Amino acid sequence: MKIATWNVNSVLARLPQVVRWLEAASPDVLCMQETKCVDEKFPGEEFARLGYSSESFGQAAYNGVAILSRVKCEEVRRGMPDDEPGAQSRVLAATIGGIRIVNVYIPNGQAVGAEKYFFKLEWLKRLRAFFDSCYQTTDRVLLCGDFNVAPEDRDVHDPEVWRGRILFSEPEREALAKIRSWGLVDAFRMHNSEDKQYSWWDYRAGAFRRNLGLRIDHVWVSEPLARQSASVVIDKEPRRWEKPSDHAPVVAEFTT
DNA sequence: ATGGTAGATACTCTA
């Protein structure tokens, strides 16, 4: 079972790259973030042609999450239980092959101290409460997506530059650690302990060419699923293509 | 060097 997460930065603008990657990598499941596309415009037929059913939870211009799957998604949930009506589309959950997959696009936060920063911290708190109320650590649970937080120093190209800044500030990392302490393991770190393993590089200033990135896209799993974790890799290849997303796919394989 | 790039939308915001 191969489950991938990828912030595609517009599923419509990225359609050729996503199709190309699906053909090459052939995952069973692809969780996408920042689809930036309402459900009516989601290119489900293009993915159906490749053998994927799709679930989209989008909105115009910003945010939006979607799940592509070789088999049909069960128990699909859109948003968190305490979302206000009209809340931003950032959570899409589905059960696939007995695994509860929770696909999230965690708020970016813009800048430490900004209004959006406090929205991010509050949102992370609600995500933990969502797990407390809806899921059990004894189940096979997988939380993945663009977390917009680098958990450790080794996940940041220059920790001294990034310390105290958005995506790496202490309150963000603490809020994320609180979610992890529900009963999740960073599946990537089960298999890779090296630094300089990034999933996102700014479009600007030749960041990718110089490998000035952050590891902010994650696959976290509950203990029963951790026991089935065979590998997790960041696929940098599509970041080298024409018109790339600024994020690379993260691909997790599980024994069945 | 407080820049730089990209996407969606509509004369700017978000990342």
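The structure presented is a predicted model; accordingly, all values stated were derived computationally and were not measured. Here is how names work: the chains are called A, B, and so on, in the same order as the sequence lines, proteins then strands, and each is numbered from 1.
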### Task
Check each residue of residues 198-214 of chain A for a non-hydrogen atom within less than 4.0 Å of any atom in DNA chain B, then write out the ones that pass by number, or none.
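Those residues whose heavy atoms fall under 4.0 Å from DNA chain B, taken from residues 198-214 of chain A in numerical order, are A/Tyr203, A/Arg204.
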
### Query
If you draw the axis of the six-membered ring of A/Phe168, does the NZ or CZ of A/Arg173 fall within 45° of it and under 6.0 Å from the ring centre?
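Here A/Arg173 passes the 6.0 Å and 45° test against A/Phe168.
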
### Query
Is the charged tip of A/Arg70 near the ring of A/Tyr52: under 6.0 Å from the six-membered ring centre and within 45° of its axis?
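The answer is yes, since A/Arg70 meets both limits relative to A/Tyr52.
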
### Task
Run the salt-bridge test on A/Lys196 and A/Asp155 with the 4.0 Å N-O cut-off and return the result as yes or no.
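Salt bridge: no.
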
Work out how far the [atom1] atom of [N] is from that of [M], and round it to whole angstrom.
N	M	atom1	answer
B/dA15	B/dG4	C1'	13 Å
B/dT14	B/dA10	P	14 Å
B/dT5	B/dT9	P	22 Å

### Message
Return whichever of A/Arg14 or A/Lys116 has its heavy-atom-nearest nucleotide of DNA chain B closer to the 5' end.
### Response
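Counting from the 5' end, the first nearest nucleotide belongs to A/Arg14.
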
### Query
Of A/Leu12 and A/Gln110, whose closest DNA chain B nucleotide lies nearer the 5' terminus?
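This one resolves to A/Leu12.
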
### Query
Can you pull the salt bridge (charged side-chain N to carboxylate O under 4.0 Å, His left out) pairs that have at least one residue in residues 219-236 of chain A, sequence neighbours excluded?
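Passing the test, one end in residues 219-236 of chain A: A/Glu223-A/Arg227.
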
### Message
Tell me every residue that passes side-chain contact (heavy atoms from CB on, under 4.5 Å) with A/Arg209, counting only those two or more places apart in sequence or in another chain.
### Response
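Partners of A/Arg209 by the side-chain contact (heavy atoms from CB on, under 4.5 Å) criterion come out as none, since no residue qualifies.
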
### The single option from A/Phe147, A/Trp200, A/Phe188 passing ring-ring contact (aromatic ring centres under 6.0 Å, His included) against A/His218
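The option that passes is A/Phe147.
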
### Query
Going 5' to 3' along DNA chain B, which nucleotides are the first and last within contact of chain A (any atom under 4.0 Å from a heavy atom)?
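For DNA chain B, the relevant span reads B/dG4 to B/dA15.
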
### Message
According to ring pair (Phe, Tyr, Trp, His ring centres under 6.0 Å), who are the partners of A/Phe254, at least two apart in sequence or on a separate chain?
### Response
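A/Phe254 satisfies ring pair (Phe, Tyr, Trp, His ring centres under 6.0 Å) with no other residue.
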
### Query
Residues in salt bridge (charged side-chain N to carboxylate O under 4.0 Å, His left out) with A/Arg165, at least two apart?
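Not a single residue meets the salt bridge (charged side-chain N to carboxylate O under 4.0 Å, His left out) criterion with A/Arg165.
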
